[in-house]
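See below for the structure under consideration.
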Number of protein chains: 2
Amino acid sequence: MLQKKTKYAIKALLALAREYKENKPMKISVIAEKEAIPRKFLEAIMLELRHHGLVGSKMGSTGGYYLIKHPEEIMLSNVIRLTGGPIALLPCVSLNFYEPCIECLNEEICGLRNVILEVREASIKILSKTSLKDILFRENKLSKKTKALKTMK
Amino acid sequence: MLQKKTKYAIKALLALAREYKENKPMKISVIAEKEAIPRKFLEAIMLELRHHGLVGSKMGSTGGYYLIKHPEEIMLSNVIRLTGGPIALLPCVSLNFYEPCIECLNEEICGLRNVILEVREASIKILSKTSLKDILFRENKLSKKTKALKTMK
DNA sequence: AAATATACTACTATATTAGTAGGAATTAAA
DNA sequence: TTTAATTCCTACTAATATAGTAGTATATTT
Ligand code: FES
Ligand code: FES
């Protein structure tokens, strides 16, 4: 499971992406309210995202956060990894959180690892081609669909 | 990430599967040593697997555990779920550990959920078609392959 | 009866996650 | 230049989950 931190980060970035054209900073308090994220916690998360170069910030009374890259350049796999979420199901197949399996003497011939590797590849394939923009696009598509369904009733 | 408990469970079941033809019980102490699993912990895990009907047991001096189903009938997705490991990356897309996302007012139009759903489906697809027997088969294939590579040198 | 297994309950220790408190530094506007 | 509003940063705390252990009861074979 992804941590809440990761989920909050994604939602916060989506909030920024929705108003990206203007590229003016959005306040933490605004993001927090829009996305229902604990304010202080979000503060810590945004700071971390800035340290990783995903967002920029402006201090002072007209300050806030803004995306540094374009919404179509920020991939889900990226955000997950930056916020500390391993995608792999086992440490022995994780690129960024690798640890050997002490019980398995030989990784190369481990059948379990081999399957889990396949799962990771399938997951990464999706997550690394899905950008913030793609998610917003899905949002639109989904809300149109449900609206259409409702009028049909 | 999968819990150690889940990984241990899979490895223990694989140990039973390797000698399945005989279908005679294998002692916890033997499994624990073969797979390098803490003995007492494995005891608790095997007990749980038995309660879930995956293995049977025999008490007494010639006792131990044995598979109840055939190795090709026990799917990885099954073991993961029984030992408490959610496969989904978010609770809102988990079949067995479902919880609504309080911050997302409407699940149906949540773009993030939509992507994570796809990831889950891709993972399940692999995990639910891979049985213990399949893993053993991979083991064989992999060890033949690495052997061949070594002789080439 | 002795030896040897599993069955079961109830802990403990450790690590991780989620979140908070409080103040320093910065900026803009009055 | 003061004030208000914001991010920046360090250092906590609380809650939860994971990993693993202890000890004893119960069953089975010899
Ligand atoms: S090497 Fe990781 S499960 Fe075997
Ligand atoms: S409903 Fe779960 S992330 Fe939106």
Side-chain angles (χ1 to χ4, degrees), chain A residues 1-12 16 24-33 35-68 80 83-86 89-91 97 99 101-103, chain B residues 1-12 16 24-33 35-68 80 83-86 89-91 97 99 101-103:
Chain A
M1 286 262 180
L2 299 180
Q3 311 174 9
K4 290 226 169 170
K5 186 170 121 182
T6 300
K7 186 168 141 194
Y8 290 158
I10 296 169
K11 307 212 87 193
L16 295 180
K24 69 177 180 198
M26 182 182 288
K27 292 192 231 309
I28 282 184
S29 55
V30 172
I31 305 175
E33 203 183 351
E35 305 294 328
I37 301 172
R39 202 184 144 270
K40 267 294 194 181
F41 195 14
L42 182 58
E43 233 178 77
I45 294 169
M46 293 312 288
L47 201 56
E48 205 183 320
L49 291 179
R50 190 189 61 115
H51 288 311
H52 282 112
L54 226 56
V55 298
S57 68
K58 199 187 163 197
M59 287 178 98
S61 52
T62 59
Y65 284 91
Y66 50 90
L67 292 184
I68 281 187
I80 293 176
T83 53
L89 292 179
L90 285 177
F97 298 85
E99 260 178 82
C101 290
I102 34 172
E103 324 85 48
Chain B
M1 287 264 177
L2 299 180
Q3 312 175 6
K4 291 226 170 172
K5 185 170 123 182
T6 301
K7 187 167 138 193
Y8 290 159
I10 297 169
K11 307 212 84 190
L16 296 181
K24 70 179 179 197
M26 184 183 286
K27 291 192 234 306
I28 283 184
S29 54
V30 172
I31 304 176
E33 204 183 351
E35 305 294 329
I37 303 171
R39 202 184 142 270
K40 267 296 194 180
F41 196 15
L42 182 58
E43 233 177 75
I45 294 169
M46 294 312 289
L47 201 57
E48 206 182 319
L49 292 179
R50 189 188 62 116
H51 287 312
H52 282 111
L54 226 56
V55 297
S57 68
K58 198 186 163 198
M59 290 177 96
S61 52
T62 60
Y65 283 93
Y66 50 88
L67 293 182
I68 281 188
I80 293 176
T83 53
L89 291 179
L90 285 176
F97 297 84
E99 258 178 84
C101 288
I102 36 172
E103 325 85 47

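The basis for the numbers below is simple: all heavy atoms, side chains too, and nothing from hydrogens, waters or symmetry mates.
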Atom-pair distance ([atom1] on [X]; [atom2] on [N]), nearest Å:
X         : N       : atom1 : atom2 : result
Glu48(A)  : dA18(C) : CD    : P     : 12 Å
Leu2(B)   : dA17(D) : CG    : P     : 17 Å
Lys40(B)  : dG20(D) : NZ    : C1'   : 11 Å
Leu47(A)  : dT26(C) : CG    : P     : 14 Å
Lys24(B)  : dT29(D) : NZ    : C1'   : 16 Å
Ile102(B) : dG19(C) : CD1   : C1'   : 13 Å
Leu42(A)  : dT6(D)  : CG    : C1'   : 14 Å
Arg39(A)  : dA5(D)  : CZ    : P     : 12 Å

Just verifying a value: how many Å separate [X] [atom1] and [Y] [atom2], rounded to the nearest 0.5 Å?
X        : Y        : atom1 : atom2 : answer
Met59(B) : Ser61(B) : CE    : OG    : 11.5 Å
Leu16(B) : Lys11(B) : CG    : NZ    : 13.5 Å
Leu49(B) : Lys5(B)  : CG    : NZ    : 9.0 Å

Practice prompt. Applying salt bridge (Lys or Arg N to Asp or Glu O under 4.0 Å), run through Glu33(A) and Arg39(A) and close with a yes or a no.
Written response: CA-CA 8 Å; Glu33(A) 203 183 351; Arg39(A) 202 184 144 270; over 6 Å; no
Nucleotide N/O of nucleotides 14-17 of chain C paired with protein N/O under 3.5 Å:
residue, atom, partner, partner atom, Å
dT17(C), OP1, Gln3(A), NE2, 3.2

Do [X] and [Y] have side-chain heavy atoms sitting under 4.5 Å apart?
X        : Y        : result
Met46(B) : Ser57(B) : no
Met1(B)  : Leu89(A) : no
Thr62(A) : Lys58(A) : yes

Worksheet item: For Tyr8(B) and dG20(D), is the shortest distance between a side-chain N/O and OP1 or OP2 below 4.0 Å?
Response: yes
Worksheet item: When you measure from every atom of DNA chain D, which of residues 50-60 of chain B have a heavy atom less than 4.0 Å away?
Response: Lys58(B), Met59(B), Gly60(B)
Item to complete: Could you tell me whether Lys27(B) contacts a base, only the sugar-phosphate backbone, or nothing, with contacts defined as non-hydrogen atoms closer than 4.0 Å?
Response: sugar-phosphate
Discussion item. Looking at every non-hydrogen atom in both residues, tell me the closest pair between Gln3(B) and Gly84(B) and how far apart they are.
Written reply: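 Closest approach of Gln3(B) to Gly84(B): NE2-O, 3.5 Å.
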Fill in: Check: Lys5(B) side chain, dG20(D) base, donor-acceptor under 3.5 Å
no
Discussion item. Show every ring-ring contact (aromatic ring centres under 6.0 Å, His included) that has at least one partner inside residues 42-66 of chain B, sequence neighbours left out.
Written reply: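 Listed once each, the pairs would be none.
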Fill in: Candidate nucleotides dG23(D), dC8(D), dT20(C), ranked by approach to the side chain of Glu43(B) - the nearest
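Side chain of Glu43(B) sits closest to dG23(D).
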